[in-house]
Amino acid sequence: MGTRLGDLVERFGGHLTGDPDIEVTGIAPLQDAGASQISFLSNSKLRALAAQSNAAALILSPLDDPTVAATYAGARIVTSNPYAYFARAAQYFVALDAVVPEPGVHPSAVVARGAQVDPSAHIGPHATVEEGAVIKAGAVIDAGCYIGREAEIGEGTHLFANVTFHSRCIIGKRGVIQSGAVIGADGFGFANEKGVYIKIPQTGRVVIGDDVEIGANTSVDRGALADTVIEEGVKLDNQIQIGHNCHIGAHTAMAGCVGVAGSARIGKHCTFGGAAMVLGHLEIADNVHISSGTMVSRSVLEAGQYTGFYPLAKNAEWEKSAAIVRNLASMREKIRTLEKTIKKLTEDK
Amino acid sequence: MGTRLGDLVERFGGHLTGDPDIEVTGIAPLQDAGASQISFLSNSKLRALAAQSNAAALILSPLDDPTVAATYAGARIVTSNPYAYFARAAQYFVALDAVVPEPGVHPSAVVARGAQVDPSAHIGPHATVEEGAVIKAGAVIDAGCYIGREAEIGEGTHLFANVTFHSRCIIGKRGVIQSGAVIGADGFGFANEKGVYIKIPQTGRVVIGDDVEIGANTSVDRGALADTVIEEGVKLDNQIQIGHNCHIGAHTAMAGCVGVAGSARIGKHCTFGGAAMVLGHLEIADNVHISSGTMVSRSVLEAGQYTGFYPLAKNAEWEKSAAIVRNLASMREKIRTLEKTIKKLTEDK
Amino acid sequence: MGTRLGDLVERFGGHLTGDPDIEVTGIAPLQDAGASQISFLSNSKLRALAAQSNAAALILSPLDDPTVAATYAGARIVTSNPYAYFARAAQYFVALDAVVPEPGVHPSAVVARGAQVDPSAHIGPHATVEEGAVIKAGAVIDAGCYIGREAEIGEGTHLFANVTFHSRCIIGKRGVIQSGAVIGADGFGFANEKGVYIKIPQTGRVVIGDDVEIGANTSVDRGALADTVIEEGVKLDNQIQIGHNCHIGAHTAMAGCVGVAGSARIGKHCTFGGAAMVLGHLEIADNVHISSGTMVSRSVLEAGQYTGFYPLAKNAEWEKSAAIVRNLASMREKIRTLEKTIKKLTEDK
């Protein structure tokens with residue numbers, strides 16, 4: 001199945017130069033796209049590649065258009081954000097071919113009598129939906145998922161196979177939860193009495209807004225007394241740990257292996273590189289960008305980019321540097337002694 | 001449902017000042033607690049907040065009691081460890097309202113004929129219990145769990161949905177395993193022959209003591225020949241990796257994202273901050289505390305707090321410092337040259 | 001069940017000194033092995049222990065043989081790589097006792113009509129196999145596994161309980177995937193438009209070669225447009241994250257908690273220590289060895305060992321050193337000032 005360029009532009013905007021009746025069937029990278037595909041140029045460094053593309057049409061910015069147009073003979077869709085346009089168009093093409101899950105409950109699924117499953121929702125094989133849970137219109141619960149008591153899955157939200165979504169937790173509309181993710185496990189809360197830990201019941205929920213994506217094997221713990229909150233538009237990659245009572249602001253994105261300890265409060269539009277870590281009870285302002293592998297050990301109240309990882313080196317060089325790092329205080333002492341001696345020398349003159 | 005203050009004190013101890021017939025229904029933080037709830041003061045810095053609380057009663061220490069009592073009109077339960085008292089009382093209140101899983105095997109579960117399931121245990125939907133496994137009294141095996149051959153789940157232990165517990169592994173009494181955890185997967189053992197890895201069968205078990213909690217999506221590998229051992233009272237948070245043949249001493253706690261490589265031997269009453277890592281075959285003494293984000297690259301034989309992570313900085317400053325860290329050896333060389341020159345200068349005088 | 005030493009040598013090679021009719025039933029460490037077991041010496045430092053072993057026979061190298069033979073009275077199998085020999089022999093003994101999964105589909109499994117399951121394959125309880133999937137001869141799909149549409153599981157490959165293997169992904173022969181692993185979840189790809197993320201469909205596959213092992217709770221994402229590729233013989237431990245479009249060369253091994261960001265291209269025969277991290281789009285040559293806890297923030301084009309983690313210290317010492325690390329630029333400035341002053345002093349003389 002394909003679509004006319006004219007229909008694409010009608011749907012997603014942009015200015016088309018070329019024949020609106022050209023039929024395209026999908027999207028491909030600049031160098032791979034064939035005569036029935038479109039491609040996109042989101043990085044001006046690739047202008048030369050774009051100019052030689054065999055694609056039927058190119059999505060590109062007003063800035064790149066004149067240069068590319070000089071040699072590229074195909075159709076062009078000019079738009080201010082070609083990468084976002086590509087994302088939307090790709091979603092459209094994928095939906096044309098996608099296998100749509102059938103509405104209804106698979107006979108092997110176990111759905112409690114008091115659960116409310118919208119007739120347009122899909123419940124896959126071996127899924128379990130507990131008493132009082134609510135599965136809204138168009139939601140897709142794939143095989144092996146577990147939905148706890150009184151949990152709520154919003155309209156059009158998709159839980160891939162083997163997701164665990166615990167009691168009373170909520171996710172909004174158009175969400176995506178990848179396989180193996182666990183939402184609403186108990187937070188890590190214990191009182192220590194003479195060296196022995198006593199469990200503090202975790203009675204809060206996880207409350208997730210609209211348009212949130214949560215990656216494979218990621219864990220988001222329920223709150224202790226209050227809730228853990230993930231605001232709308234947040235994107236969490238795989239293997240992430242979000243502790244109890246965290247609050248993650250809207251449209252913040254975290255790459256794989258990030259860990260956020262309990263009660264951290266993170267702003268909106270932040271980004272966290274892979275394996276960045278945030279200690280508990282810290283506050284992070286809006287628009288803060290934390291580099292990969294960085295331990296955030298204090299609150300960050302000012303927007304900007306922050307970093308802190310040990311630089312990579314050949315092992316032999318690392319051994320030398322690391323030995324010195326361990327003794328930096330003595331190096332500073334030597335410098336102080338030198339300064340004093342020199343001060344004395346110059347005064348003596 | 002609620003309980004009388006008098007009954008609470010009879011059950012959990014502490015000295016009550018106030019009317020024992022006051023009925024309370026739950027626990028809430030100092031600022032949120034209403035007239036039918038109790039609250040607790042575990043941090044003296046919050047005395048002012050406590051004094052203004054609307055709670056029906058406060059749990060507090062002998063140290064804080066006089067100050068709070070001066071202005072707070074409600075009942076007071078004085079105890080040496082208010083936080084532990086809170087934990088126990090909260091467990092009690094939660095149990096009053098909790099939905100108790102019904103004893104018995106869900107019709108959709110697959111339980112092998114030779115498995116022994118105590119009649120008081122609960123086996124949820126789509127669970128699998130293999131031949132020779134033993135599920136003891138009061139154990140709760142939630143939906144989608146897998147219990148391997150001859151594995152043993154102790155009295156009152158609770159496996160949340162989608163836990164995998166492999167063959168011959170054992171967990172003791174009153175344990176908790178959160179969703180997505182994998183106990184007893186093969187350890188990572190290979191012999192290298194001319195660049196190709198040959199798998200070493202992993203035939204040990206995971207042996208877990210009483211009162212252990214294991215977090216969501218955490219993995220504990222079975223031993224290669226001998227067993228991996230987790231002693232009683234250990235608490236592991238989410239996303240943790242415990243390699244084969246590790247031994248973790250009683251009442252040690254690890255926060256999220258910690259990794260422990262194979263054959264590490266860790267003492268009792270240790271704590272590990274989030275994302276701390278321990279290399280293989282190391283020994284760590286009792287009462288060692290490792291900070292978050294710290295790589296333990298040598299044995300730690302003396303109790304105390306140990307740390308090692310790169311300090312966070314604005315990205316521009318990190319770039320400068322990291323460049324210097326890479327060249328610390330040359331900086332040390334410059335200092336040595338300076339020292340020699342000055343020695344010569346002072347001797348020349 | 002046991003086997004004759006003569007049969008063992010016929011099967012796995014090596015030179016036997018001793019009675020070929022001795023019957024052995026298994027393998028044990030040097031100090032534990034009894035009179036019906038064999039043991040192995042792979043580390044010359046343990047020669048003394050070997051010489052005193054009660055094992056019926058020892059596997060050892062030509063180098064160690066003369067010393068051990070002087071005092072050890074049992075049979076000896078001399079081979080160039082005793083550890084690899086041990087691995088193969090251990091596999092053999094384990095197979096003698098192993099419970100072989102019965103061929104066929106468990107009645108509780110849900111297998112789509114258009115899926116092709118070889119009659120010799122095993123599909124366990126509560127497994128789901130979607131339309132068009134291909135399960136080849138001798139493959140073992142344990143309880144609760146999910147196999148997506150048109151996915152392909154190679155001959156003799158074993159998926160342990162609760163593995164998720166998504167649509168169109170492929171794994172070759174003799175592979176092993178441990179419980180909780182997720183293969184083929186969506187990669188983390190979004191276009192940002194005015195602060196809001198728009199999902200980029202992830203339409204590539206994960207293509208895995210022969211003899212690959214993937215650990216518990218590890219995630220390997222599908223590619224965005226092209227595929228994520230794991231070549232033959234790769235071994236991934238637990239809790240690992242492999243981003244979309246990564247390419248991992250043959251016989252590379254990664255220890256637990258490693259993270260590899262998208263589009264990284266890693267060579268053959270590399271090793272990664274636990275919790276090592278690789279940023280996206282980097283290239284790593286063949287035979288590169290990355291130490292545990294190291295952030296690979298630039299391409300590594302030359303074979304060798306590379307390291308970069310902050311050295312562990314007592315907390316008080318770390319606090320001093322870390323404070324200096326943050327101010328290394330000012331320390332360098334002081335040294336420059338000292339150098340100038342001294343230059344002036346010496347010129348003045």
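Protein chains get the first letters and strands the later ones, always in sequence-line order, with residue 1 at the start of each.
Proximity to chain B involves both the backbone and the side chain of A:Ile198, based on heavy atoms less than 4.5 angstrom apart. Only the side chain of B:Gln178 comes within contact range of chain A, judged by heavy atoms closer than 4.5 Å. Contacts of B:Met295 with chain A are absent, with no heavy-atom separation under 4.5 Å from either backbone or side chain. Both the backbone and the side chain of B:Tyr83 come within less than 4.5 Å of a heavy atom in chain A. Only the backbone of B:Pro311 comes within less than 4.5 Å of a heavy atom of chain A; no side-chain atom from C-beta onward does. Using a 4.5 Å cut-off between heavy atoms, B:Thr341 makes no contact with chain A at all. Interface residue B:His126: only side-chain heavy atoms are found under 4.5 Å from chain A. Proximity to chain A (any heavy atom under 4.5 Å) is shown, for B:Tyr85, by neither the backbone nor the side chain. Heavy atoms closer than 4.5 Å to chain A are found in the side chain of B:Asn81, but not in its backbone. Of the two parts of A:Leu338, the backbone and the side chain both hold a non-hydrogen atom closer than 4.5 Å to a non-hydrogen atom of chain B. Heavy-atom distances place no part of A:Ala224 under 4.5 Å from chain B, backbone and side chain included. For B:Ser108, the part sitting under 4.5 Å from any heavy atom of chain A is the side chain, from C-beta outward, and nothing else. With a 4.5 Å cut-off on non-hydrogen atoms, A:Glu317 does not touch chain B at all. At a 4.5 Å heavy-atom cutoff, the contact between A:Ala127 and chain B is made by backbone atoms alone. At a 4.5 Å heavy-atom cutoff, the contact between B:Val94 and chain A is made by side-chain atoms alone. Heavy atoms of B:Val99 lying under 4.5 Å from chain A belong exclusively to its side chain.
The nearest pair of heavy atoms linking A:Tyr146 to B:Ala143 is CD1-CB, 3.6 Å. Shortest non-hydrogen contact noted between B:Leu236 and A:Phe188 is C-CE1, 3.5 Å. Scanning all heavy atoms of the two residues, the minimum distance from A:Gln241 to B:Cys257 falls at CB-SG, 3.6 Å. Of all heavy-atom pairs between B:Pro125 and A:Thr128, the closest is CB-OG1, 3.6 Å. The heavy-atom pair separating B:Ala313 from A:Arg298 by the smallest distance is CA-NH2, 4.4 Å. When all heavy atoms of A:Pro201 and B:Ala87 are compared, the pair lying nearest together is CD-O, 3.9 Å.
Taken to the nearest 0.5 Å, the CG atom of A:Leu225 stands 8.5 Å off from the CG atom of B:Asp32. Summarising the geometry, atom NE2 belonging to A:His244 is positioned 10.0 Å from atom CG belonging to B:Asn238; distances are rounded to the nearest 0.5 Å. Once rounded to the nearest 0.5 Å, the distance linking CD1 of A:Ile342 with CD1 of B:Ile342 reads 3.5 Å. Considering CD1 of A:Ile240 and CD of B:Gln239, their distance stands at 9.0 Å, rounded to 0.5 Å. Atom CZ of A:Phe190 is separated from atom CD of B:Glu213 by 4.0 Å, given to the nearest 0.5 angstrom. Taking CG of A:Asn192 as the start and NE2 of B:His251 as the end, the distance is 9.5 Å to the nearest 0.5 Å.
B:Phe309 is linked by a ring-ring contact (aromatic ring centres under 6.0 Å, His included) to C:Trp318, counting only residues two or more places apart in sequence or in another chain.
Side chains of A:Ile200 and B:Phe86 form a contact here, defined as non-hydrogen atoms less than 4.5 Å apart. Here the side chains of B:Lys235 and A:Lys199 are not in contact, with every heavy-atom distance at 4.5 Å or above. Side-chain atoms of B:Leu312 and A:Val300, non-hydrogen and from C-beta on, do get closer than 4.5 Å to each other.
Counting heavy-atom pairs closer than 4.5 Å to chain B, the top residue among A:Thr203, A:Leu328, A:Val196 is A:Val196. Each of A:Thr218, A:Val260, A:Ile290, A:Asn162 has some count of heavy-atom pairs under 4.5 Å with chain B, and the biggest count is that of A:Thr218. Annotation: maximal heavy-atom pairing with chain A below 4.5 Å, among B:Ser292, B:Gly144, B:Gly215, B:Pro107, occurs at B:Ser292. Top candidate by heavy-atom pairs under 4.5 Å with chain B, chosen from A:His166, A:Glu130, A:Glu131, is A:His166.
The only option from A:Thr164, A:Asp186, A:Val163, A:Ile183 that meets the side-chain contact (heavy atoms from CB on, under 4.5 Å) definition with B:Ser179 turns out to be A:Thr164.
Residues in residues 325-338 of chain B take part in no side-chain hydrogen bond (donor to acceptor under 3.5 Å, both in side chains) pair, two or more places apart or across chains.
Within a 6.0 Å sphere centred on CZ of B:Arg174, other residues, nucleotides and ligands contribute more than 12 heavy atoms.
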